[in-house]
Every structure is written in C-alpha cells, then in structure tokens.
Visitor: 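Okay, handing you the structure first.
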Amino acid sequence: MKAEAFTSCKATQAMIEKTTREGVTTVFHRVQEKKTCPFGSGGTCCRLCYMGPCRVKDDGQDAGVCGATAETIAARNFCRMIAAGAAAHSDHAREVALVLLAAARGEAPGFEIKDEEKLWAVAQDLGIDPVGKNKNRLAEEVALKVLAEFGQQEGEISFIRRAPQKRQEVWQKLGIIPRGIDREIVEMLHRTHMGVDQEYVHLLLHGMRTALADGWGGSMIATELQDILFGTPVPIRAKVNLGVLKPDHVNIIVHGHEPLLPELILLAVKDEELLAQARAVGAKGINVAGICCTANEILMRKGVPVAGSVLQQELAIATGAVEAMVVDVQCIMQGLGQVARCYHTELFTTSSRARLPGVTHLEFDHHRGLEVAKEIVRRAIARFPQRRKVEIPAEEMDLIAGFSHETIKYILGGRFRASYRPLNDNIINGRIRGVAAVVGCSNPRVRFGDLHATLVRELIANDVLVLVTGCAAINCAKEGLLIPEAAEMAGSGLREVCEAVGMPPVLHCGSCVDNSRLLMAATEIVKEGGLGEDISEVPLCGCAPEWMSEKAIAIGQYFVASGVTVGFGVAFPTTGSAKLSEFVFGGMNEYVGAHWFHEPDPVAMARTIIAHIDAKRKALGIDV
Ligand code: NFS
Ligand code: SF4
C-alpha cells in the first residue's frame with residue numbers, strides 16, 4: 001500500500017506506514033477493502049421497509065415494491081441524513097444547556113459563567129430581560145429558555161429572528177420556520193417512514209426546516225452557550241499535527257465534540273499532585289492535545305495544540321506515545337478500540353450516549369466532572385511506563401485560530417470602531433472578491449487534506465477571503481495556510497488587507513457547530529449595508545470538498561436554506577436520481593435563492609466558487 005496515495009501529509013504517511021509494518025489495521029487499510037455501491041452512493045437504495053430493501057434504477061419506469069420512485073427514495077434518504085445531522089448537533093447543544101443550567105445553580109464544580117457580555121446578548125436575543133439579574137440567575141433563565149426550545153411545539157425558535165429581515169420573509173413565505181428543534185427532527189423521521197411523504201419537493205422543504213432548526217437552533221445554541229461557559233474566542237496562536245505529541249510528557253488526547261470534560265481535563269492537568277505523580281514515573285509533564293472538533297473548541301479558546309483531523313485519530317494512537325484518549329460523541333471510529341489494544345493507550349468513552357466494545361467507560365457526570373477528569377489523568381500517568389514502539393512524526397505547524405464573528409469585527413474594524421464596515425468596503429472596492437466558507441470532514445476516498453489545501457490556495461490567490469471550520473480548518477492549518485505569512489500566497493488585494501491588519505487569509509472560525517458563527521458573520525455583512533438586503537445577495541459561497549458525515553449534509557442544507565450556495569466534493573447522495581439532482585442543484589434557487597453543487601475536483605470547485613462570487617458581484621453592480 002502506498003501511503004502517498006492517501007495524502008501529502010508526511011506525518012500521516014509515516015503513521016500509515018508504521019501501522020502497516022506493525023500489522024495494525026486503520027481506516028486507510030479498510031477503505032481499500034470496501035467498495036461503494038452505486039445505489040447507496042447515489043441515494044436510490046431504500047431500506048425503509050421490509051417489502052424491500054429496494055434498489056431502484058433511475059429510468060422513469062423502475063420503482064420500489066411500494067411504488068416509490070428514484071427521486072422519492074433519494075429525497076427520503078437525503079432528508080434522513082439532515083435529520084441525523086441536526087440531531088447530532090442539537091443533542092450536543094442540549095448537553096451544553098444542561099451543564100449551563102447546573103453551573104448556574106452551582107451544581108457543576110469546575111464550570112462557571114465566563115463570558116457575561118455574551119450571556120447578556122444571548123439573553124436579549126431569547127427575549128429575556130437581563131437587567132438587574134446576577135449572572136447565575138440570568139444563566140439559569142437562559143438555559144431553561146433554550147431547553148424549552150427543544151421541545152417547543154408551536155411558534156418559532158428564537159435565533160431565527162437574528163437573520164436578516166428579508167431572509168426571515170423567505171422562510172415565512174415557504175412555511176419553513178422551525179417551531180421547535182426536536183419537533184422538526186421527529187417530523188422528518190415520521191415523514192420519511194414508509195408510506196408517508198412521497199413528493200420530493202415537499203420532503204426537501206421540511207428538510208430545510210429541519211436544517212434551519214440546526215443552524216439557527218441546535219448548532220447556534222451549542223456555540224453561544226459554550227462561549228458563555230468558556231469564553232468567546234479571540235485570536236490565539238497554537239500548533240497542529242502529530243508532532244505536537246511530546247516524547248517526554250504524558251500525552252492525553254481529547255477527541256469528539258463536546259468541550260465539557262476536556263475543559264475539566266485542562267484544569268486537572270494543572271493539579272500539583274498529579275504533576276508530581278507524572279514526574280514520579282519519569283515524565284516531564286502532562287500534554288493535552290485534541291482531535292476533531294473537540295480540538296477546535298479548546299484550540300479556539302485556549303490555544304491547546306491539535307494532533308490532527310478525523311482521519312488521524314487512529315494514527316495518533318499508533319505513535320505509541322499516547323497514554324490516554326478520551327472520546328465522547330461523533331466521528332469516533334470503532335477501529336480506535338482495536339488500535340488502542342495494539343499499543344499501551346487507554347481509551348475512555350465518557351458520554352452516557354456512546355460506548356465502544358471492550359473500551360473503558362468512565363462517565364462524564366457534570367456534577368462530579370472534575371473527579372472524572374482527575375481519574376483519567378491519573379490513569380494516563382500510570383500508563384506512561386508501559387510505552388513501546390514510540391515514533392512521533394516531526395511535523396508540526398503554527399496556526400492562528402479564534403476568529404469568532406465578534407472577533408472579525410475587532411480585527412478588521414479596530415477596537416474603537418468595531419464593525420463589519422471595513423470588510424464590506426473591501427468587498428465593494430474589490431480588494432476582497434468575496435468570502436468562501438471551506439468546511440467539513442476528511443474522507444479517505446479522496447486524497448485527504450490535499451483537496452482542502454488545493455482549493456483554498458486557489459481561492460486566496462483569487463482574492464477570496466476564506467473562513468474555515470471543522471476538519472477542513474485542521475487540514476488547512478497543517479498546510480501553513482492559517483498564519484499571517486500565508487498572505488504571500490494571496491492575490492494582491494486580499495494580501496493588502498491581510499497585511500494591513502496582520503491576519504491570515506484563511507480564518508479559523510471554530511468547530512462544526514461554529515458554522516453557526518458563519519451564519520452570523522453573513523448576517524452582519526448584510527446588516528452593515530452596501531451588499532444587498534439578504535444573505536443570498538452577498539458574494540459568498542460555502543463548500544465541503546472532503547465531506548463524509550450526515551452532519552455535513554445538515555450544515556450544507558442550512559447554508560443553502562439561508563441563501564448560501566454550497567458545493568460538496570467526493571460523491572453526492574442525490575445523483576442516483578436526475579429529477580432530485582435537478583432540484584437540489586438548481587430548482588432550490590427559486591425557493592431560497594441558493595442551491596447545492598457537486599464537484600469532486602478542487603480546482604474546478606474553486607472556479608465554480610469564484611464564478612458564483614463574480615455573478616453575485618455583478619448582480620450588486622460592484623464588478624471591478
Ligand atoms: Ni464536522 Fe467535527 Fe470532522 Fe466532519 Fe467530524 S469532526 S463535527 S463531522 S469529521 S468535520
Ligand atoms: Fe422498497 Fe418502498 Fe419499502 Fe422502500 S418503502 S424498501 S421502496 S417497498
């Protein structure tokens with residue numbers, strides 16, 4: 001097996017080779033054994049009832065046993081992906097809300113209200129009057145209000161009102177404003193049950209409502225409440241890639257999505273008693289690094305180093321230098337268990353919602369979270385003397401993270417006139433051609449990381465300011481695109497702007513739930529004025545060139561429903577039906593002023609994004 005075929009990341013290559021040599025199986029080994037099925041991949045395999053399963057051809061004649069056509073089957077499957085993705089983000093948000101509630105009531109040791117300014121802003125957007133309330137009382141009200149919005153049956157979820165007026169009118173007209181977060185997800189599952197909603201446009205409209213309940217609901221709640229608990233990010237310098245693991249330290253990796261327990265682990269590793277224990281076993285200290293979105297969360301707020309993106313999770317353990325890996329929910333490969341058993345790593349599942357066979361389960365209970373965190377650190381220290389077969393790749397790269405939509409204001413506008421005015425002006429005068437969000441996963445079916453890097457280089461060279469989140473952000477960081485020096489690769493206009501304020505041309509905006517920050521940034525641009533009255537008029541585009549998860553589909557759909565056209569690479573789950581593809585790749589425009597596109601080639605994707613941005617500029621009359 002040629003490791004270079006999978007990525008140009010040298011650290012990853014070295015670890016693929018190490019695992020191959022040591023007979024350890026990883027995602028890169030398994031992906032070669034598994035062939036994709038064209039029906040499943042294109043969306044026309046239906047397993048919704050046991051008159052089937054039915055694989056349906058897109059020839060206008062074929063249908064499932066119940067008569068379901070290719071477009072119905074693909075639409076139902078697509079909508080179920082949205083529901084699952086929205087559920088994942090929203091259930092994460094629910095957990096954060098419960099912790100905020102407990103923290104406000106003084107029942108969650110280690111947690112406190114860190115960002116009162118954000119708390120006030122969020123309270124007001126939820127319709128709560130903050131005046132005269134102390135921070136704990138206010139946080140309690142905020143948590144209760146947010147929790148009620150999950151089970152709300154009628155009306156509208158609150159953050160919808162943050163969107164530009166014109167966008168809200170679009171949703172109103174279509175009848176797709178989410179009533180309650182859980183309600184829309186449940187209804188999506190109901191509608192896609194055998195024999196319910198079988199008209200693809202009608203299905204997709206509810207798919208949009210479900211996605212909006214994620215973007216302007218679950219994801220946004222997760223982001224905002226995490227900011228309240230842990231602080232709103234500001235620019236911070238850190239390091240990325242497997243080289244951040246330290247040969248002479250106890251290494252603990254936090255992996256998954258909810259930054260709750262990881263924040264407590266960061267507290268625990270400062271404990272003098274635990275540090276003394278680490279020194280007693282011959283370690284110089286304790287090093288915490290992150291993987292996936294947990295990494296992005298604690299990177300954004302604390303500058304904790306990032307060991308890697310989703311495809312590097314098994315490889316991190318294969319360095320032989322990881323004493324403990326702590327996981328919670330989402331993007332955690334079952335293969336981790338097997339890999340951990342081949343080294344000295346103790347793997348911990350910590351969420352009540354997720355276990356792995358044969359893996360230690362030490363549940364994070366926020367009432368006694370700090371104790372759980374200390375127990376994990378203690379057990380990691382105990383593993384340190386058992387190290388063998390250690391090989392840590394040298395690769396590590398600097399990056400700057402921490403670009404919340406609030407921060408972007410300060411960076412561009414300065415502390416005294418913080419606003420989006422300078423960004424809008426630079427878009428209008430053409431120094432910045434437009435803005436592209438490059439987000440989402442990595443996928444071993446494509447040359448991972450390379451698609452992100454190729455695409456982003458092409459975009460910045462053409463003066464497109466790039467905002468990144470999720471694993472895309474980690475991959476771009478590894479390529480050195482998240483440092484101010486990367487401005488040298490940018491076109492002259494974007495370069496000038498970056499150099500004037502000392503920012504990179506690619507801004508790390510956080511984890512995948514933080515894509516909600518991008519909705520807010522887009523909204524701020526509209527509200528600042530001069531670039532249209534709706535998000536769909538702004539020279540913006542989104543993409544996920546290496547996507548793989550259902551969450552990515554939910555995110556893509558809430559961007560599209562919010563007026564941002566979105567491109568996905570790899571394969572696309574509607575291509576098994578020409579009719580449905582015509583709708584998502586074009587017809588959707590008539591409804592929400594944006595659509596999806598599918599483009600596996602990163603250079604072609606960059607061209608499509610630039611052409612899209614140029615078309616928006618032209619419509620605004622600002623083509624230069
Ligand atoms: Ni997003 Fe973040 Fe990564 Fe994909 Fe998974 S970690 S939530 S789903 S793989 S970007
Ligand atoms: Fe087949 Fe229809 Fe059942 Fe799907 S719902 S498996 S298409 S019979």
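Counting convention: from 1, in listed order, for ligands and their atoms alike.
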Visitor: Apply the side chain to side chain contact (heavy atoms under 4.5 Å, CB included) test between Cys79 and each candidate in Ile553, Leu205, Leu203, Leu189; give the one that qualifies.
Guide: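 Exactly one candidate clears the test, Leu203.
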Visitor: With distance as the sole criterion, is a donor-acceptor pair present between the side chains of His508 and Asn296 under 3.5 Å?
Guide: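 On atom types as modelled, these side chains qualify, holding a pair under 3.5 Å.
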Visitor: Do any of the N, O or S atoms of Cys49 sit under 2.8 Å from atom 3 (Fe) of ligand 2?
Guide: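 It does: Cys49 brings an N, O or S atom closer than 2.8 Å to atom 3 (Fe) of ligand 2.
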Visitor: Is the ring pair Phe568/Trp547 parallel, tilted or perpendicular, if the boundaries are 30 and 60 degrees?
Guide: tilted
Visitor: Tell me if the CZ atom of Arg55 is crowded by more than 12 foreign heavy atoms within 6.0 Å.
Guide: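 Check fails, neighbour count at 12 or below.
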Visitor: Under the salt bridge (charged side-chain N to carboxylate O under 4.0 Å, His left out) criterion, do Glu224 and Arg517 qualify, and how do the steps go?
Guide: CA-CA 9 Å; Glu224 298 294 61; Arg517 297 191 199 277; 5.0 Å; no
Visitor: Which ligand 2 atoms, with their elements, are less than 4.0 angstrom from a heavy-atom of Gly64?
Guide: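 Ligand 2 atoms under the 4.0 Å threshold to Gly64: 7 (S).
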Visitor: Using a strict 4.0 Å cut-off to heavy atoms of Gly440, name the atoms of ligand 1 that fall inside it.
Guide: 10 (S)
Visitor: Identify, for atom 8 (S) of ligand 2, the protein heavy atom at the shortest distance, and state residue, atom and that distance.
Guide: Cys66 N, 3.4 Å
Visitor: Fit a plane to each ring of Tyr200 and Phe583, take the angle between them on a 0 to 90° scale, and name the class: parallel (under 30°), tilted (30 to 60°) or perpendicular (over 60°).
Guide: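 The rings of Tyr200 and Phe583 stand perpendicular, inter-plane angle above 60°.
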Visitor: Between Ser442 and Asn475, do the side chains contain an N or O donor and an N or O acceptor separated by less than 3.5 Å?
Guide: yes
Visitor: Apply salt bridge (charged side-chain N to carboxylate O under 4.0 Å, His left out) to Glu4 and Arg447, showing your working.
Guide: CA-CA 9 Å; Glu4 302 89 61; Arg447 203 155 183 262; over 6 Å; no
Visitor: With side chain to side chain contact (heavy atoms under 4.5 Å, CB included) as the test, pick out the partner of Arg237 among Leu399, Leu482, Asp398.
Guide: Asp398
Visitor: Is Arg301 close enough and on-axis enough to Phe230, meaning under 6.0 Å and within 45°, for cation-pi?
Guide: no
Visitor: Output the list of atoms in ligand 2 that are nearer than 4.0 Å to some heavy atom of Met194, sorted by atom number.
Guide: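 Numbered from 1, ligand 2 contributes 5 (S).
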Visitor: So which protein N/O/S atoms does atom 5 (Fe) of ligand 1 have within less than 2.8 Å?
Guide: Cys331 SG
Visitor: Give me the nearest non-hydrogen protein atom to atom 4 (Fe) of ligand 2 as residue plus atom name, then the distance to 0.1 Å.
Guide: Cys46 SG, 2.3 Å
Visitor: Any idea which protein heavy atom is nearest atom 1 (Fe) of ligand 2, and the distance to it?
Guide: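 It is Cys54 SG, 2.3 Å.
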Visitor: Check for me whether Arg76 has a heavy atom closer than 4.0 Å to any atom of ligand 2.
Guide: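 Contact check Arg76 vs ligand 2: positive.
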